[in-house]
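Just so it is clear: chains get the letters A, B, ... in the order the sequence lines come, proteins before strands, and each one is counted from 1.
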Number of protein chains: 4
Amino acid sequence: MKKNKPKFKQIIDAAVEVIAENGYHSSQVSKIAKKAGVADGTIYLYFKNKEDILVSLFQEKMGQFIEKIEQETTSKQSAEQKLFTLIHTHFEQLSADHHLAIVTQLELRQSNKELRQKINLVLKRYLKVIDQIVEEGVEEKLFRTGLDRRLVRQMIFGTMDETVTNWVMKDQRYNIVDQAKEVHSLIIHGLAHNGQ
Amino acid sequence: MKKNKPKFKQIIDAAVEVIAENGYHSSQVSKIAKKAGVADGTIYLYFKNKEDILVSLFQEKMGQFIEKIEQETTSKQSAEQKLFTLIHTHFEQLSADHHLAIVTQLELRQSNKELRQKINLVLKRYLKVIDQIVEEGVEEKLFRTGLDRRLVRQMIFGTMDETVTNWVMKDQRYNIVDQAKEVHSLIIHGLAHNGQ
Amino acid sequence: MKKNKPKFKQIIDAAVEVIAENGYHSSQVSKIAKKAGVADGTIYLYFKNKEDILVSLFQEKMGQFIEKIEQETTSKQSAEQKLFTLIHTHFEQLSADHHLAIVTQLELRQSNKELRQKINLVLKRYLKVIDQIVEEGVEEKLFRTGLDRRLVRQMIFGTMDETVTNWVMKDQRYNIVDQAKEVHSLIIHGLAHNGQ
Amino acid sequence: MKKNKPKFKQIIDAAVEVIAENGYHSSQVSKIAKKAGVADGTIYLYFKNKEDILVSLFQEKMGQFIEKIEQETTSKQSAEQKLFTLIHTHFEQLSADHHLAIVTQLELRQSNKELRQKINLVLKRYLKVIDQIVEEGVEEKLFRTGLDRRLVRQMIFGTMDETVTNWVMKDQRYNIVDQAKEVHSLIIHGLAHNGQ
DNA sequence: TATGAATGAGTCTTCATTCAT
DNA sequence: CATGAATGAAGACTCATTCAT
């Protein structure tokens with residue numbers, strides 16, 4: 001598994017395309033191989049099995065995804081700005097890669113429990129970023145004290161995830177990046193009147 | 001499809017059990033038939049095909065699920081109370097049926113796009129309940145004006161859904177009903193200080 | 001197996017219709033029962049099994065078919081006239097019952113060897129009629145001597161059968177009865193010049 | 001479908017054997033694969049589906065069959081000799097391959113309408129050969145004028161086909177090639193006295 | 001006699017994976 | 001490293017037949 005070989009990335013990129021275009025269950029190894037321009041057998045020189053393609057795909061793509069979010073957020077001053085940047089960058093990146101959006105929001109969820117747990121492992125790094133921003137917010141006295149960290153994380157991630165999934169299922173017909181501000185506001189202030 | 005025949009429900013209940021215990025991909029029709037105590041062929045007297053079992057399962061179980069929530073919420077006075085009741089009843093019902101929780105949060109998501117769209121059709125009724133509560137909240141001046149209804153709905157549903165999914169993936173080791181109050185608070189007030 | 005019960009004929013008539021309309025392989029017992037207006041199980045009070053419906057169908061319908069041919073031919077004087085009448089009546093009867101034509105020429109041939117041998121048993125009576133006409137023709141010195149009886153029978157039956165089959169496969173678009181004269185002539189005189 | 005691969009022919013030959021020995025309806029794909037010495041899945045590298053095996057079988061075998069008849073007949077001078085050669089070669093070839101005789105005369109007729117139409121397409125080439133011989137016979141003034149070409153073709157093909165089928169159903173217990181002369185005579189002269 | 005709900009044996013086809021070249 | 005032909009396990013679905021009512 002030499003991850004710096006061009007063929008490794010070639011195959012992963014082919015997999016994203018094939019899965020986005022055909023759906024998870026119609027994405028046979030042979031189809032991915034064909035799109036990547038290699039023989040079926042070659043896949044198995046770079047990946048242990050089919051599931052390993054998917055795990056690697058997620059690691060590779062989500063790795064970059066999270067890295068970008070880390071970069072963008074650390075440069076911001078306040079927790080509030082950081083949270084906005086996180087939401088904005090999250091939406092922006094998936095908006096920029098339609099294939100990836102389909103794959104992460106819809107197709108990859110059709111995998112079995114085992115694969116999903118490996119995916120969650122990758123996501124942990126993202127959740128930590130969220131946790132830290134929340135921590136900072138509390139320290140800055142921007143956020144309430146006594147917040148259940150896990151629930152907060154679930155609200156933030158759940159809201160963004162549901163928002164992106166709905167956008168994908170509506171065939172990405174509107175601009176999701178535009179909604180970052182409002183989502184941010186909802187998370188910060190909730191539904192109630194500011195004054196309350 | 002004779003939905004009032006006892007065998008119809010027998011098979012659906014067997015399907016919930018089998019899928020929860022074995023996972024979606026290891027749930028062969030023959031396994032469901034065996035658990036239901038009928039012959040394989042009998043399944044096809046009550047369901048068009050395997051996918052139809054899943055769609056019917058979701059319709060049947062979610063129908064009851066949503067009905068319960070509708071009942072519980074309408075009796076409450078304020079939008080705030082209604083929202084709390086919705087969250088509480090949502091958690092309570094899934095908490096009471098561990099198998100169903102696994103099936104709806106994890107296994108049913110492994111279905112293809114087509115099935116998921118049928119599932120979304122059923123969910124629409126639930127989303128309407130949420131929408132109406134939000135509407136009432138705005139009218140009562142409890143909630144802010146100018147809220148993007150779709151985003152609000154996605155925050156509410158996404159937060160609950162993510163919360164339940166995390167609970168299921170943690171093997172339901174803690175009491176999720178206890179969290180209804182905090183989730184409700186997060187949705188109403190967001191992260192910011194009340195005083196802001 | 002009380003063959004004079006009306007239901008017996010009811011089922012056979014339904015079978016002819018169903019097979020003609022749906023083809024042999026799409027003619028399930030349940031479909032025949034429905035068309036006959038009886039329950040599936042009732043079929044088995046009148047027939048041993050599905051194959052028995054087909055054998056009975058052939059016996060019943062071919063019995064009448066052959067009987068008619070026997071009647072028509074015996075009244076004729078010469079072997080030449082008898083042969084013409086046989087061909088004409090053969091064509092006429094199938095022409096008058098399109099469903100039966102489809103069933104005997106196309107659909108019933110899709111049955112297995114065993115069933116086909118039972119069918120041949122029924123046909124024997126017909127072949128005997130042909131044989132006797134040939135015999136008479138030889139005695140009348142109308143036909144050549146030294147004819148191989150079996151081959152002659154095969155020529156006569158084969159020609160008629162192929163002619164009807166072609167007509168059925170061309171969706172019965174022309175009048176086959178009109179061809180009786182020419183077929184008769186071909187069988188009597190063959191291809192050669194009369195004068196030879 | 002790589003028709004020049006040896007495995008293609010291997011499977012077709014196995015299919016002929018299996019169908020001749022077990023009958024059409026007891027000829028499972030797995031049985032054919034086993035006889036051909038390949039895995040079940042290998043069948044599907046060379047054939048689209050089970051029906052495609054049968055169509056290909058008929059095309060392959062009948063192609064050779066007709067080609068041989070074309071070769072043998074063209075070298076003959078008169079239409080009369082050509083017709084004899086056609087009948088003789090027809091009988092000879094099926095006589096030489098007992099399995100093929102069973103398959104073409106009995107088993108392949110158990111296929112559905114769709115398949116039979118594909119088979120008829122292959123047969124068209126054969127019927128054209130017959131038509132041309134008849135045409136030549138008329139030009140040579142050997143045959144009568146005013147003959148209905150289609151009926152003549154049906155007499156010739158029907159007689160041969162019925163003759164072969166009877167021989168196969170009698171378990172090929174006599175020598176059919178010996179009958180070519182008499183069949184030829186019947187077709188040329190019919191039943192009537194030469195002198196008429 | 002008549003019903004029709006229930007049975008369960010039987011089979012084609014797919015596709016991830018291997019391995020000889 | 002790369003190939004791609006070959007493998008073979010696995011499963012949804014049909015439908016003739018039965019039998020309790």
Side-chain angles (χ1 to χ4, degrees), chain A residues 2 5-8 11 25-34 36-54, chain B residues 2 5-8 10-11 25-34 36-53, chain C residues 2 5-8 11 25-34 36-54, chain D residues 2 5-8 10-11 25-34 36-53:
Chain A
K2 293 144 190 180
K5 271 271 171 172
K7 244 163 219 179
F8 180 84
I11 292 166
H25 284 113
S26 300
S27 296
Q28 296 82 352
V29 171
S30 61
K31 219 178 247 172
I32 295 172
K34 199 174 181 183
V38 301
D40 292 18
T42 306
I43 297 268
Y44 292 87
L45 298 175
Y46 293 91
F47 301 90
K48 211 167 72 247
N49 51 33
K50 190 182 180 183
E51 188 181 295
D52 190 34
I53 305 177
L54 301 174
Chain B
K2 306 119 189 179
K5 284 272 176 154
K7 235 154 234 183
F8 181 83
Q10 228 175 87
I11 292 165
H25 285 111
S26 300
S27 296
Q28 297 83 347
V29 170
S30 61
K31 218 178 251 173
I32 295 172
K34 200 172 182 182
V38 299
D40 291 19
T42 304
I43 299 268
Y44 293 89
L45 296 176
Y46 296 90
F47 301 91
K48 221 171 56 248
N49 48 37
K50 190 183 177 183
E51 185 182 297
D52 190 36
I53 305 177
Chain C
K2 292 145 191 181
K5 272 272 173 171
K7 246 164 216 178
F8 180 83
I11 292 166
H25 283 112
S26 299
S27 296
Q28 296 83 351
V29 170
S30 63
K31 220 178 246 171
I32 294 171
K34 198 173 181 182
V38 301
D40 293 18
T42 306
I43 298 268
Y44 292 87
L45 298 175
Y46 294 91
F47 300 91
K48 214 167 68 243
N49 51 34
K50 190 184 180 183
E51 188 182 294
D52 190 35
I53 306 177
L54 301 174
Chain D
K2 304 120 189 180
K5 282 273 175 153
K7 235 153 233 184
F8 181 83
Q10 228 176 87
I11 292 166
H25 285 111
S26 301
S27 295
Q28 296 84 348
V29 170
S30 62
K31 219 178 251 174
I32 295 172
K34 199 173 182 181
V38 300
D40 291 18
T42 305
I43 300 268
Y44 293 86
L45 295 177
Y46 295 92
F47 301 91
K48 220 170 55 247
N49 49 36
K50 191 184 178 184
E51 186 182 296
D52 191 35
I53 306 178

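Checked against side chain to side chain contact (heavy atoms under 4.5 Å, CB included), C:K31 has the following partners two or more places apart in sequence or in another chain: C:V18, C:N22, C:S26, C:Q28.
Atoms CD1 (D:I43) and C1' (E:dC15) sit 17 Å apart, rounded to a whole Å. Between the NZ atom of B:K31 and the P atom of F:dA10 there is a distance of 12 Å, given to the nearest Å. Rounding to whole angstrom units, CZ of residue D:F47 and P of F:dA6 are separated by 12 Å. In this structure, the NZ atom of B:K34 is 12 Å from the P atom of E:dG8, given to the nearest Å. Separating the CZ atom of A:F8 from the P atom of F:dC1 is a distance of 13 Å, rounded to the nearest angstrom.
Rounding to the nearest 0.5 Å places CD1 of D:I43 at 11.0 Å from CG of D:D52. Note that OH of A:Y46 and CD1 of A:I53 are 13.0 Å apart. Values are rounded to the nearest 0.5 Å.
Closest to the side chain of D:Y46, out of F:dT3, E:dT3, F:dA6, is F:dA6.
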Query raised in the report: What does nucleotides 13-21 of chain F look like as a protein-contact string, B for base, S for sugar-phosphate only, - for none, at under 4.0 angstrom between heavy atoms?
Result: BBSSBB---
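Using a 4.5 Å cut-off on side-chain heavy atoms (C-beta onward), D:V29 and D:I32 make no contact.
The shortest heavy-atom contact between C:D40 and C:S30 is OD2-CB, 3.3 Å. Taking each heavy atom of A:I11 and A:F47 in turn, the nearest pair found is CG2-CE1, 3.5 Å.
Rounded to whole Å, the P atom of E:dT1 lies 22 Å from the corresponding atom of F:dT21.
With the 3.5 Å cutoff on both pairing distances, Watson-Crick and G-U pairs in DNA chain F assemble into runs of at least 3 at E:2-21 with F:2-21.
Put simply, A:K7 has no side-chain N or O that comes within less than 4.0 Å of OP1 or OP2 on F:dC1.
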